[in-house]
Amino acid sequence: MKKIQKLRSNLAFNIISAVVFLLLLFSWIVSIIGYVSFTNAFEREYSDTTANMAYTAAALVNGDHIDDYLLDGGQSEEYRKTKDNLDTFCKRMQVSLVYVIKVDTTDYGRFTSVFNLVGEDTPYTPWEIGYQQDATNDTYINLYKEIYKGNTLYGTVFRTTNLKGAPPHITTLIPIKNSGDEVVSLMCIQRPMSELKESRRPYLINIAISTIILSVLVSLSTAFYIRKKFVKPLKRVSDETARFAKENKKGEELGTVSSINEIAKLGHAIDEMESEMIGYIDNLTSVTAEKERIGAELDIAKTIQENSIPNIFPAFPERKDFDIFASMTPAKEVGGDFYNFFLIDEDHIAVVMADVSGKGIPAALFMMVTNILISDRTHMGGTPAEILTFVNDNICEHNQADMFVTVWLGILEISTGKLTAANAGHDDPAVYRKNGKFEIVKNKHGLVVGAMKGVKYKDFEIQLNKGDKLFLYTDGVPEATDKDNNMFTIERMLEALNKNKNGNPKGILNSINESVNAFVGDAPQFDDLTMMCLELKEEEDLKTLTVDATTEKLQAVNEFIDGFLEENGCSPKAQMKVDLAVEEIFVNIANYAYGDSVGKAEISIENNDGEVTIVFKDSGVPYNPLERKEPDVTLSADDREIGGLGIFLTKKNMDSVSYEHKDGKNILTMKKKI
């Protein structure tokens with residue numbers, strides 16, 4: 001195996017292989033062209049010769065007496081004499097068949113035999129006069145019609161398939177006319193095509209032998225020339241390059257390695273590269289060491305920063321009364337934005353969104369100090385304004401770098417939805433009202449934290465109700481710019497929010513990220529991108545309907561499903577697909593689950609991040625409709641087996657369909673992105 005791999009990587013071997021391949025390809029193309037040309041010319045000659053035979057044989061038949069031959073059953077002396085002449089002609093010309101037929105001109109699909117002579121060494125049995133038979137295929141029918149109508153002088157059919165035991169052959173048909181120049185019958189001559197195969201075989205053998213000889217001669221001469229002019233010089237260049245890569249020391253000069261200009265230039269280039277590389281390596285060694293040290297420190301700083309804020313979601317999986325999700329994408333390895341959220345007690349959660357001036361490690365350090373101060377002070381109690389006043393005074397006492405941070409701090413009373421907040425120069429939040437849309441909520445702004453000691457901040461309130469959502473962000477979102485320095489803007493941010501306003505917090509943030517990335521394109525990110533969304537959830541997101549498993553309840557089921565889909569902003573196209581799938585599954589339960597009795601069917605539906613999940617449950621006979629063989633939709637309705645199309649369309653219309661039998665119940669689950 002190693003020898004084969006080494007041979008395949010050899011330059012001479014690859015070039016020679018390519019030359020041989022091209023020769024073989026050229027020979028193959030020439031052979032195909034010659035084969036086709038030879039076959040076409042032979043077939044033309046075969047057709048013309050057979051037509052001449054047919055005209056000769058037709059001269060032996062009196063067209064005025066065709067009907068007389070058929071009426072007296074071939075008993076006349078003239079018929080027997082003509083038949084003997086045709087028989088002699090058939091054997092001397094070494095053809096398979098000579099036969100005369102009268103075609104039914106009603107539809108040209110049936111004919112009557114007048115004469116039928118069989119050649120020697122053929123598998124055919126002669127037809128008796130008056131024997132009738134349907135035409136073999138449409139080709140013959142069309143040819144009969146064209147000859148009888150005078151549209152063609154003669155016709156030829158080559159048959160190589162569907163022969164039913166007969167050898168490949170050619171059949172030529174010419175008209176037999178009466179003295180009134182009317183076509184009264186057809187003379188047909190059939191010849192075997194064995195001569196064509198016998199003639200093509202030596203031609204192909206000659207091509208193959210010529211190709212092999214030529215390939216060997218060209219390969220040998222090419223190998224000798226390539227080895228001398230290319231392989232040896234390039235091997236010296238390759239060996240020297242490998243040696244230098246291993247030793248990093250100056251070696252032999254390669255300027256005179258070859259008389260071929262391109263290889264000589266390559267040798268000179270290698271010599272210059274070695275000289276420059278030695279100097280570059282010395283400089284790179286010291287620079288790399290420093291860069292690695294800085295990179296390691298940045299990685300540590302990034303890890304510390306990521307771990308200083310909540311980054312595991314869902315953050316509070318045991319809580320069903322609210323949901324929260326946040327993300328931070330720094331413009332550099334570490335950033336100055338930060339968010340935070342934490343439970344003060346079981347009924348109060350604090351949310352923080354902040355943006356430090358500057359970027360990089362200084363901003364990250366300032367961010368962590370501010371975050372710790374806010375978190376510690378919030379746990380001590382007090383309103384957001386009191387907390388920000390305390391944090392500002394402490395930062396100003398030790399802020400020799402004159403850095404500052406914008407902060408939005410809110411404390412939500414979960415049971416009532418009362419949100420008390422204070423704003424230190426930060427962007428206004430966006431709030432979604434149930435069945436409404438996201439809108440910017442203006443509030444009182446105080447001075448940024450760290451700018452001046454003694455600043456007093458003020459509280460304000462926002463009332464959130466069940467189903468409402470709060471969206472916090474830093475200016476990196478609306479101020480994200482594309483390559484032409486156009487900003488994303490607050491308006492585009494609201495538009496992106498409202499596209500997925502019914503989604504959960506994670507889905508909403510994903511939607512914003514997708515919109516920003518699509519707008520920015522390939523432009524570099526200049527600012528940190530930080531967002532948070534909090535939803536005050538309704539008591540129950542899962543809706544359930546239990547009805548009798550009868551077809552009369554289908555309308556109630558559809559109204560239940562459609563009402564939920566419309567509330568969750570489902571598109572008409574997706575709703576139509578869901579309705580078709582729901583109808584198929586419910587009707588199956590109603591018709592088959594309980595036999596002659598009436599049972600119950602339970603239908604539940606919920607929306608998870610824009611994906612609707614519908615679950616059907618019944619206590620009927622265990623049955624998995626997904627195991628049914630899918631119908632062959634390529635067949636017509638008449639040819640296709642009955643049944644299976646409904647569940648097939650259900651699987652096509654829904655994103656996923658699954659089944660399980662658990663606790664004595666059939667459970668079928670469907671999911672669809674809306």
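From a predicted model like this one, the values you see are computed outputs, not experimental measurements.
- Formation of a donor-acceptor pair under 3.5 Å by the Asn653 side chain with backbone atoms of Leu649 is found in this model.
- Side chain of Tyr339 to main chain of Pro310: a donor-acceptor pair is present (N/O by atom type, distance under 3.5 Å, no hydrogens or angles).
- The number of heavy-atom neighbours closer than 6.0 Å to CD of Gln555, taken from other residues, nucleotides and ligands shown, is 12 or below.
- A 4.5 Å side-chain heavy-atom check between Lys469 and Leu464 finds every atom pair outside the cut-off.
- At least one donor-acceptor pair under 3.5 Å links the side chain of Asn624 to the backbone N or O of Leu626.
- Take Phe616 and apply the ring-ring contact (aromatic ring centres under 6.0 Å, His included) test, not counting sequence neighbours, and it matches no residue.
- A donor-acceptor contact closer than 3.5 angstrom is absent between the side chains of Glu386 and Thr389.
- To the nearest 0.5 Å, atom CG of residue Leu472 and atom CG of residue Asp427 are 10.0 Å apart.
- For the side-chain contact (heavy atoms from CB on, under 4.5 Å) test with Ile614, the passing option among Val582, Leu668, Val657 is Val582; the others fail.
- Arg492 CZ to Ser515 OG: the interatomic distance, rounded to the nearest 0.5 Å, is 10.5 Å.
- Residue Met670 comes nearest to Ile585 through the heavy atom pair SD-CG1, 4.0 Å, listed as atom of the first residue, atom of the second, then distance.
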With a cut-off of 3.5 Å and sequence neighbours excluded, list every side-chain donor-acceptor pair involving residues 503-510.
residue	atom	partner	partner atom	Å
Asn504	OD1	Lys506	N	3.4
Asn504	OD1	Gly507	N	2.7
Asn510	ND2	Lys506	O	3.4

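- Tyr457 places a side-chain N or O within donor-acceptor distance of the main-chain N or O of Leu447, the cut-off being under 3.5 Å.
- With sequence neighbours excluded, no residue satisfies ring-ring contact (aromatic ring centres under 6.0 Å, His included) with Phe460.
- For the pair Lys501 and Tyr432, the cation-pi test (distance below 6.0 Å, angle within 45°) is failed.
- In terms of heavy atoms, Ile387 sits closest to Gly382 at CD1-O, 3.9 Å.
- The two residues Lys466 and Lys434 have their closest heavy-atom pair at O-CD, 3.8 Å.
- In this structure, the side chain of Asn500 does not engage the main chain of Ser511 through any donor-acceptor pair within 3.5 Å.
- By the 4.5 Å heavy-atom criterion applied to side chains, Ile414 and His348 are not counted as neighbours.
- Between Phe342 and His379, the angle of the ring planes stays under 30°, which puts this pair in the parallel group of the 30/60° scheme.
- Atom CG of residue Asp482 and atom CZ of residue Phe519 lie 4.0 Å apart, to the nearest 0.5 angstrom.
- Although no hydrogens or angles enter the test, the distance criterion places a donor-acceptor pair under 3.5 Å between the side chain of Asn498 and the main chain of Phe438.
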Residues 361-368, side-chain donor-acceptor partners within the protein, below 3.5 Å, at least two apart:
none

So Asp355 and Thr406, side chain to side chain donor-acceptor pair (under 3.5 Å) or not? Walk me through it.
CA-CA 5 Å; Asp355 185 359; Thr406 66; 4.9 Å; no
Output, in order, the C-alpha distance, side-chain angles, deciding distance and verdict of side chain to side chain contact (heavy atoms under 4.5 Å, CB included) for Ile374 and Phe338.
CA-CA 12 Å; Ile374 293 175; Phe338 73 91; 4.3 Å; yes
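- Around atom NZ of Lys617, no more than 12 heavy atoms belonging to other residues, nucleotides or ligands sit under 6.0 Å away.
- At least one donor-acceptor pair under 3.5 Å links the side chain of Asp459 to the backbone N or O of Ala385.
- The side-chain heavy atoms of Met493 and Tyr473, taken from C-beta on, include a pair separated by under 4.5 Å.
- Of the possible donor and acceptor atoms, none in the side chain of Asn340 sits under 3.5 Å from a partner among the backbone N and O of Ile309.
- Taking the charged nitrogens against the carboxylate oxygens, Lys453 and Asp393 have no contact shorter than 4.0 Å, which rules out a salt bridge.
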Run the numbers on Asn443 and Asn423 for side chain to side chain donor-acceptor pair (under 3.5 Å), then give the verdict.
CA-CA 8 Å; Asn443 49 57; Asn423 190 335; 3.1 Å; yes
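- Of the inter-residue distances, the one linking Leu536 atom CG with Ile324 atom CD1 reads 11.5 Å to the nearest 0.5 angstrom.
- Salt-bridge formation is detected for the pair Lys418/Glu461: a Lys NZ or Arg NE/NH1/NH2 atom is positioned less than 4.0 Å from an Asp or Glu carboxylate oxygen.
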Step by step, work out the side chain to side chain contact (heavy atoms under 4.5 Å, CB included) result for Ile603 and Thr544.
CA-CA 6 Å; Ile603 304 97; Thr544 303; over 6 Å; no
May I have the step-by-step check of side chain to side chain contact (heavy atoms under 4.5 Å, CB included) for Thr613 and Ile605, ending in yes or no?
CA-CA 6 Å; Thr613 300; Ile605 183 170; over 6 Å; no
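- Classification of Glu606 and Lys671 as a salt-bridged pair fails, no side-chain N sitting under 4.0 Å from a carboxylate O.
- Between the side chains of Asp337 and Thr474, a donor-acceptor pair is found at a separation under 3.5 Å.
- Of the inter-residue distances, the one linking Cys533 atom SG with Ile512 atom CD1 reads 9.0 Å to the nearest 0.5 angstrom.
- For the residue pair Asn568/Asn502, the side-chain donor-acceptor check at 3.5 Å is not satisfied.
- Side-chain contact between Thr669 and Ile667 is present, with at least one heavy-atom pair separated by less than 4.5 Å.
- Shown here is Phe404, whose CZ atom has no more than 12 heavy atoms of other residues, nucleotides or ligands within 6.0 Å.
- Side-chain N or O atoms of Asn608 include none that pairs as donor or acceptor with a backbone N or O of Glu611 at under 3.5 Å.
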Evaluate the side chain to side chain contact (heavy atoms under 4.5 Å, CB included) criterion for residues Ile349 and Phe316: first the C-alpha distance (whole Å), next the side-chain angles of each, then the deciding distance (0.1 Å), finally the verdict.
CA-CA 11 Å; Ile349 183 172; Phe316 307 101; 4.0 Å; yes
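- Between Asp321 and Lys537 the shortest side-chain heavy-atom distance does not fall below 4.5 Å.
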Distance-only donor-acceptor hits, side chain of residues 569-581, under 3.5 Å, sequence neighbours excluded:
residue	atom	partner	partner atom	Å
Ser571	OG	Ala574	N	3.2
Gln575	NE2	Asp562	OD1	3.3

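- A 6.0 Å sphere centred on NZ of Lys652 holds no more than 12 heavy atoms belonging to other residues, nucleotides or ligands.
- Contact of the Trp408 side chain with the Pro429 side chain is registered, since non-hydrogen atoms from C-beta on lie closer than 4.5 Å.
- Distance CE/Met328 to CE/Met531: 12.0 Å, rounded to 0.5 Å.
- Note on ring orientation: taking the six-membered ring where Trp is involved, the planes of Phe313 and Phe325 are tilted (angle from 30° to 60°).
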When you look at Asp475 and His426, which way does the side chain to side chain donor-acceptor pair (under 3.5 Å) test go after all the steps?
CA-CA 8 Å; Asp475 57 10; His426 197 78; over 6 Å; no
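- For Glu479, the side chain to side chain donor-acceptor pair (under 3.5 Å) test picks out no residue, with sequence neighbours left out.
- With hydrogens and angles ignored, the 3.5 Å screen pairs no side-chain donor or acceptor of Asn399 with any backbone N or O of Ile395.
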